[in-house]
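Written below as structure tokens is the structure these notes are about.
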2 protein chains.
Amino acid sequence: MAEKTYADSCLCSIIHDDTVNKVREVMPEEEKLYDLAELFKVFGDTTRIKIICALFESEMCVCDIAALLSMNQSAISHQLRVLKQARLVKNRRDGKVMYYSLDDDHIKHIFDQGLLHISEG
Amino acid sequence: MAEKTYADSCLCSIIHDDTVNKVREVMPEEEKLYDLAELFKVFGDTTRIKIICALFESEMCVCDIAALLSMNQSAISHQLRVLKQARLVKNRRDGKVMYYSLDDDHIKHIFDQGLLHISEG
DNA sequence: TGAACATATGAATATATGTTCATATGATGA
DNA sequence: TCATCATATGAACATATATTCATATGTTCA
């Protein structure tokens, strides 16, 4: 009764048990995969990509970034919060001004690999 | 009139012109940043992350993947299409069965860097 | 203390997106 | 050719999310 090993939602009756079992054994734990998706979701927005690229070059205040991207301060602030929660940026206050900078060494590698993928084909 | 150089949407009057200009010069072109966000958006979903992780281990057919993830065939097929459009997977037909496998060498690096980020802190 | 300014935040809105359901397509074998 | 099976696809629905607006917070300086 090979069929019994499959989820009810999959209507197929002939699949490759050995393959599925082998893969199942090496799959990372659910939580890790969820976190990974959450991380990439943060990168999956043009505004945040732009902010990160800007911060590759220099620490910037919220207003700098808003001016650079021609977006309003609130939108930038909201996105910086997302980046901060993902521990991708950090900030420091200097008087009224809040400066943001990158807080992760892996981002650059990830971006470079992504750009390599894009430039192919 | 420093204010005139800023977008109307940014209400700040005191920002760092030099920084903004310097950053503006090194920013990648708009289209490239858009493509990069689109790529990461593909990685920003748990189902697709799981599919990719599974394919790290072995080529699989649609039904295999559906069984592995306990999801229905249609959902998997839709997501495989997204992955294919992003040129992350390729497929080959063998009779009625369509086998999918990874079609990019950078994915593994990107995932590993992402996992490094997650495991920190 | 109060005005001015940079930033943060909550609510609302519009848009994007993942899954499901129903059904179409394409291949096999009798 | 017809039934069966694996996969693909379009429409619909529910949910997530980015931006805007209005306003709050926190700092500086007079």
Side-chain angles (χ1 to χ4, degrees), chain A residues 2-3 6-16 19-20 34 37-38 40-51 59-86 89-100, chain B residues 2-3 6-16 19-20 34 37-38 40-51 59-86 89-100:
Chain A
E3 298 96 314
Y6 306 120
D8 300 333
S9 52
C10 177
L11 304 174
C12 313
S13 55
I14 304 171
I15 65 166
H16 313 86
T19 300
V20 173
Y34 177 82
E38 287 301 301
F40 289 131
K41 206 174 286 183
V42 174
F43 293 140
D45 174 78
T46 312
T47 300
R48 289 191 294 263
I49 285 280
K50 287 177 183 172
I51 293 174
E59 166 186 80
M60 293 180 94
C61 73
V62 178
C63 209
D64 288 344
I65 301 172
L68 175 70
L69 305 186
S70 300
M71 293 179 65
N72 77 40
Q73 172 271 322
S74 179
I76 300 301
S77 185
H78 277 296
Q79 296 301 359
L80 284 169
R81 187 153 76 104
V82 174
L83 291 169
K84 183 117 190 291
Q85 283 174 335
V89 304
K90 61 187 176 209
N91 55 8
R92 68 175 180 91
R93 180 181 278 282
D94 181 14
K96 286 177 284 189
V97 181
M98 192 72 90
Y99 291 95
Y100 283 84
Chain B
E3 300 96 313
Y6 305 120
D8 301 334
S9 53
C10 176
L11 303 174
C12 314
S13 55
I14 303 172
I15 64 165
H16 314 83
T19 301
V20 174
Y34 177 82
E38 287 300 301
F40 288 131
K41 204 173 289 183
V42 174
F43 293 140
D45 174 78
T46 311
T47 301
R48 289 190 294 263
I49 286 279
K50 287 177 183 172
I51 293 174
E59 166 186 82
M60 293 181 94
C61 73
V62 178
C63 209
D64 288 344
I65 301 172
L68 176 70
L69 305 186
S70 299
M71 293 179 65
N72 77 39
Q73 171 271 323
S74 179
I76 301 301
S77 185
H78 277 296
Q79 296 300 0
L80 284 169
R81 187 154 74 103
V82 173
L83 292 169
K84 183 117 190 292
Q85 283 173 336
V89 305
K90 62 188 175 203
N91 55 9
R92 70 177 178 89
R93 181 181 278 281
D94 179 14
K96 286 177 285 189
V97 181
M98 191 74 88
Y99 291 95
Y100 282 85

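Within every chain, numbering begins at 1; the chains are lettered A, B, ... in the order of the sequence lines, protein sequences first and strands thereafter. In this text the structure is predicted, and so the values were computed from the model without any measurement.
Of all heavy-atom pairs spanning A:L80 and A:V89, the tightest one is O-CG2, 4.0 Å. For the pair A:A37 and B:D45, the tightest heavy-atom approach, listed with the atom from each and the gap, is CB-C, 3.8 Å.
A donor-acceptor contact under 3.5 Å is not formed by the side chain of B:Q73 with the base of D:dA6.
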Pairing pattern in dot-bracket form [Watson-Crick, G-U; both distances under 3.5 Å; | = partner strand] for DNA chain D
||||||||||||||||||||||||||||||
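Atom C1' of nucleotide D:dA18 and atom OH of B:Y34 are separated by 14 Å, given to the nearest angstrom. A straight line from OH of B:Y99 to P of D:dA6 spans 11 Å, rounded to a whole angstrom. If you take CE of B:M98 and P of D:dT9, they are 9 Å apart, rounded to a whole angstrom. D:dA8 atom C1' lies 11 Å from atom CG of B:L80, rounded to whole Å. Between the NZ atom of B:K96 and the C1' atom of D:dT4 there is a distance of 6 Å, rounded to whole Å. When the P atom of D:dT7 is taken as reference, atom CG of B:D94 falls 11 Å away, rounded to whole Å.
For the side chain to side chain contact (heavy atoms under 4.5 Å, CB included) test, residues two or more places apart in sequence or in another chain that qualify with B:S74 are B:N72, B:H78. For B:Y34, the ring-ring contact (aromatic ring centres under 6.0 Å, His included) test picks out no residue, with sequence neighbours left out. Every side chain to side chain contact (heavy atoms under 4.5 Å, CB included) that A:K90 has, sequence neighbours left out, goes to A:S101, A:D103. Every residue two or more places apart in sequence or in another chain that forms a side chain to side chain contact (heavy atoms under 4.5 Å, CB included) with B:Q85 is listed here: B:R81.
Side-chain proximity of A:S77 to the nucleotides D:dT7, D:dT9, C:dT9 is greatest for C:dT9.
Residue A:R81 places at least one side-chain N or O under 4.0 Å from the OP1 or OP2 atom of C:dT9. The side chain of A:Y100 contributes no N or O atom lying less than 4.0 Å from OP1 or OP2 of C:dA6.
A donor-acceptor pair under 3.5 Å is formed between the side chain of B:R48 and the backbone N or O of B:K41.
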Could you run through nucleotides 16-21 of chain C and give me one letter per nucleotide, 5' to 3': B if any protein heavy atom sits under 4.0 Å from the base, S if only the sugar-phosphate is that close, - if neither?
-SSSBB
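Between A:Y99 and B:H16, the angle of the ring planes lies from 30° to 60°, which puts this pair in the tilted group.
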